[in-house]
Amino acid sequence: MADTHKESVPVVEAKGARIPLLGLGTWELRGRACARVVEQALRLGYRHVDTAEMYDNEREVGEGLHASGVKRNKIFVTTKIWPAHFAPRELERAARDCLVRLRLSEVDLLLLHWPNPQIPLAETLGALSKVRRDGLARNIGVSNFTVALIEQATKLSGEPLLCDQVECHPYLDQTKVIAACRRHGMAVVAYSPIARGNARSDEVLKRIGAAHKKTAAQVCLHYLVQQNIVVIPRTSKVQRLEENSAIFDFALGKSEMAEIAALARHDGRVIDWAFSGQPEWD
Ligand SMILES: NC(=O)c1ccc[n+]([C@@H]2O[C@H](COP(=O)([O-])OP(=O)(O)OC[C@H]3O[C@@H](n4cnc5c(N)ncnc54)[C@H](OP(=O)(O)O)[C@@H]3O)[C@@H](O)[C@H]2O)c1
């Protein structure tokens, strides 16, 4: 089937790259179902797909990409290297393995998935930069980096860092990390942008959504893209692919934005840092 989507997804520009503001998250999507959702998303107009070696689905993501019929140069593909592979030689091998599984000659963005305090950051960034120079990744970046780590990484990296991919949604105040990214001209990519589904039943988001004929999830995603933050919601349901992409045809007012920002709370994180085995640094 051809690409049926009429309008293109808006992009955010950083370091000379253009990242579609909406991407498809794929964590926990597996097997045939994963390939099908990726294929459908691309047919519906998504132009950005987020995976990771840790998700154990790069083969299926690759299948979906190839089955969609959308030209490779129209799709922005991100994958991530797991911290156990941050030693320079291992990082390069891991990056090559990702490409084999995805059946691609390069990815658009290769990220360090989580910080790894066991391996000097300079060495890892040296290897990541080399991977870019060798043509395996058009852009490189980081994920789950704190403000302090962004400051270190931007000094140490031989190649520009395109983004920090971090947990970001209305329940979590990420003002500081967003400001650090902006200072360094880096994009912010929001993971778990609907708080792992928690935002769907939020009364404030539902009320604001009713005024715009949108769902709570759509308001939640729009709140981020209106701030030029890239969102990568994940769904396993084809009907929700459409819902999550219909987020660019309305605008939130100043007071609505402020009301949503006020939902942030101290314990708003939905991803536990202990999950990665890494301490939370600041
Ligand atoms: N860099 C990192 O360390 C990191 C960490 C976490 C996530 N990520 C990336 O970010 C992506 C998104 O984050 P996430 O998967 O944690 O969470 P999320 O996208 O915030 O939420 C996913 C959950 O919301 C549900 N959902 C999706 N659309 C919905 C809608 N319109 N209405 C109601 N429920 C909806 C999904 O259920 P259904 O499947 O039933 O629709 C799923 O349970 C991941 O898939 C991954 O690619 C990166």
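We use all heavy atoms of the structure for the numbers below, so side chains are in, but hydrogens, waters and symmetry mates are not. Order of listing sets the numbers, starting from 1, for every ligand and every atom in it.
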Look only at interatomic distance and state if I271 has a nitrogen or oxygen under 3.5 Å from any nitrogen or oxygen of ligand 1. no
Name the one of Y191, W82, W27 that satisfies ring pair (Phe, Tyr, Trp, His ring centres under 6.0 Å) with H113? W82
Atoms of ligand 1 close to S236 [distance to a heavy atom under 4.0 angstrom, numbered from 1]: 38 (P), 39 (O), 40 (O), 41 (O)
R89: partners by side chain to side chain contact (heavy atoms under 4.5 Å, CB included), with sequence neighbours left out: none
With a 4.0 Å cut-off on heavy atoms, does K80 reach ligand 1? yes
How long is the gap from CD1 on I229 to SG on C163, to the nearest 0.5 Å? 12.5 Å
Ligand-side contact atoms (ligand 1) for residue partner P233, heavy atom cut-off under 4.0 Å: 19 (O)
Going by the order shown, which atoms of ligand 1 are within less than 4.0 Å of some heavy atom of T235? 27 (C), 38 (P), 39 (O), 41 (O)
Is a donor on one side and an acceptor on the other found under 3.5 Å between the side chain of Q226 and the backbone of L252? yes
Run the numbers for me: atoms of ligand 1, each under 4.0 Å from some heavy atom of W114, listed by number. 3 (O)
Using side-chain heavy atoms (C-beta onward) and a distance below 4.5 Å, is T124 in contact with P83? no
Do the side chains of E203 and R207 get close enough for a salt bridge, i.e. N-O under 4.0 angstrom? no
Using a strict cut-off of 4.0 Å, indicate which atoms of ligand 1 neighbour a heavy atom of Q165. 1 (N), 2 (C), 4 (C), 8 (N), 9 (C), 48 (C)
Is it the case that ligand 1 has an N or O less than 3.5 angstrom from some N or O of S143? yes
Heavy-atom contacts with H113 under 4.0 Å: which atoms of ligand 1 show up? List them by number with element. 1 (N), 2 (C), 3 (O)
Which bit of T51 gets closer than 4.0 Å to ligand 1, counting heavy atoms only: side chain, backbone, both or neither? neither
With the threshold set at 4.0 Å, does a side-chain nitrogen-carboxylate oxygen contact exist between K214 and D249? yes
Under 4.0 Å, heavy atoms only, figure out whether ligand 1 is touched by the backbone of R196, its side chain, both or neither. both
Where the closest heavy atom to atom 27 (C) of ligand 1 is concerned, which of R234, R200, Q218, E167 has it? R234
In ligand 1, which numbered atoms sit nearer than 4.0 Å to a non-hydrogen atom of A217? 30 (C), 31 (N), 32 (N)
A student checking ligand 1 against Y55 at a 4.0 Å heavy-atom cut-off should list atoms 4 (C), 8 (N), 9 (C), 46 (C), 47 (O), 48 (C)
Where F248 and P10 come nearest, the two heavy atoms and their spacing: CD2-CG, 3.6 Å
Within the 4.0 Å heavy-atom cut-off, what N144 brings close to ligand 1 is side chain
Can a donor-acceptor pair be found between the side chains of H212 and Q218 at a distance below 3.5 Å? no
Determine whether the side chain, the backbone, both or neither of A195 has a heavy atom under 4.0 Å from any heavy atom of ligand 1. backbone
Show me the donor-acceptor pairs, under 3.5 Å and distance only, between side chains in residues 95-105 and residues at least two apart or in other chains.
residue, atom, partner, partner atom, Å
R96, NH2, E92, OE2, 3.2
R101, NE, E58, OE1, 2.7
R101, NH2, E58, OE1, 2.8

